[in-house]
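Below: one structure, written as structure tokens.
So that the names make sense, note that chain A is the first sequence line, chain B the second, and so on, each numbered from 1.
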2 protein chains.
Amino acid sequence: MKPKIRTEDHILETAREVFTQYGYDGTSMQMIADRAGINKSLLHYYYRSKEKLFGQIFSRVFSQFIPHLGVIFMSDMPLEEKISTFVDRYIDVFLNNPYIPIFVMQELSKNPQHLAELIREAGIHPELMIENISQMLNRENIRMNDPRQFLVNLIGLCIFPFAARPLIQRMIFDNDREAYDRFLAERKKEVVTFMLNAIQKT
Amino acid sequence: MKPKIRTEDHILETAREVFTQYGYDGTSMQMIADRAGINKSLLHYYYRSKEKLFGQIFSRVFSQFIPHLGVIFMSDMPLEEKISTFVDRYIDVFLNNPYIPIFVMQELSKNPQHLAELIREAGIHPELMIENISQMLNRENIRMNDPRQFLVNLIGLCIFPFAARPLIQRMIFDNDREAYDRFLAERKKEVVTFMLNAIQKT
DNA sequence: GTCTATATGGCGATAGAC
DNA sequence: GTCTATCGCCATATAGAC
């Protein structure tokens, strides 16, 4: 019945669930302990403090999903392929880890410095991506001339429906989980087509 | 020197600043009192509890900005004009109240129910917008066939650069405030062009 | 209206029994 | 490893002087 998982991992997974739903400040050690079915002290036994526990989760979340993304725009694919590859992988990560976008948006304004460092450590270097996009836009003489607008549009279209899910699902999907899952699954195709049309490469 | 504002309003404005930066849980009554230069007890004198104070701000933020938006898609403008009007006003609101998107994203997953009610009370009825968009997409035989994808793209493109500002400004604008302000100002034109191209109406 | 003082409770964290 | 008990702190909130 009870799958025998090591307590340490069980805590980490439970803490991730609670932290990603309520944010750092909205989460108490008691909440995590209760949900994990263990004692509060045990949390401190494994992870010395709330901040250390949170930090572990935070880093883990990033290192697990970001590394594959940094290289795409540094490769020598044609623009269309870069876009579709990036969107595919990016949205895939969120489909498999839907808590990430909400988590990021929630903590984003409290310590952007720290978040930015984590992202850089995970291998994302936006200035390189910008440089690469800029070259492509020129070479393939595309309508859009600001690579930063391009990048923000691209990422925004991928992240937003995941980050705002609780609200969107409730307001325009009658809070129907499965309907929203189907909606999200369709976004890979949707975003790629949308982006390619927008920059007039069809 | 000291502008003689009624204490009650002074508190409300200060509280808005703190709440919108740190979120509900990240804000303490002490922080608000300190920043407002008054005593903690005075907060309770004017607003009975932290929750009541927060509630006032929350409602106020919405009622002040949303009402103008609900009607746009219900009007009889042609599609292009609806898009550009909506984007213009929407982004204008955020340019004048840049804290709103971050605020919303931060509280969004804690109590989506409450947030959805506030938005409805403020006159936004997504189901009507969806219905209207759906008719337009059919009538003007446009590539995109799912009005919900259309709406999510539209709103995401408007909100995302504001919601993720702390991170984006730091990572791809060298944390240059003014440069990012210029970037945001350009987004009105950018988003409208982008949307119209994407649905192939130029 | 605005302050000081204080009540009450939950928080993160630790000590120590088992 | 896991628990109970408890410390010290800071949170929200209230009472009461001025």
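When rounded to the nearest whole Å, the span between CG of A/Leu43 and P of D/dT4 equals 14 Å. One interatomic measurement links the two molecules: CD1 of A/Ile11 to P of D/dG1, which rounds to 11 Å at whole-angstrom precision. Atom-to-atom, CD1 of B/Ile38 to C1' of C/dT4 comes out at 15 Å; the value is rounded to the nearest Å. Distance A/Tyr24 OH to C/dC11 P: 13 Å, rounded to the nearest Å. As rounded to whole Å, 12 Å separates atom P of D/dC3 from atom CG of A/Asp34. When the P atom of C/dG12 is taken as reference, atom CG of A/Leu42 falls 16 Å away, rounded to whole Å. The CG atom of B/Asp25 sits 11 Å away from the P atom of C/dC11 (whole-angstrom rounding). If you measure from atom CZ of B/Arg6 to atom P of C/dT2, you get 11 Å, rounded to the nearest angstrom.
Atom OG1 of B/Thr85 sits about 4.0 Å away from atom CE of B/Met77, to the nearest 0.5 Å. Summarising the geometry, atom NE2 belonging to A/His125 is positioned 14.0 Å from atom CD1 belonging to A/Ile130; distances are rounded to the nearest 0.5 Å.
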Atom pairs under 3.5 Å, N or O on each side, protein against nucleotides 11-13 of chain D: can you list them with distances?
unit_1	atom_1	unit_2	atom_2	d
D/dT12	OP1	B/Met29	N	3.2
D/dT12	OP1	B/Lys50	NZ	3.3
D/dT12	OP2	B/Met29	N	2.9
D/dA13	OP2	B/His44	NE2	3.2
D/dA13	OP2	B/Lys50	N	2.6

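Under a 4.0 Å N-O distance rule, the pair B/Glu13/B/Arg16 qualifies as a salt bridge.
Between A/Ile11 and A/Tyr47, the shortest heavy-atom distance links the atoms CG2-CE1, 3.7 Å.
Pairs of residues two or more places apart, or lying in two chains, never qualify as side chain to side chain donor-acceptor pair (under 3.5 Å) while including a residue from residues 48-57 of chain A. Counting only residues at least two apart or in different chains, salt bridge (charged side-chain N to carboxylate O under 4.0 Å, His left out) contacts with residues 153-179 of chain A comprise A/Arg165-A/Asp181.
For C/dT14, neither phosphate oxygen OP1 nor OP2 lies less than 4.0 angstrom from any side-chain nitrogen or oxygen of A/Tyr45.
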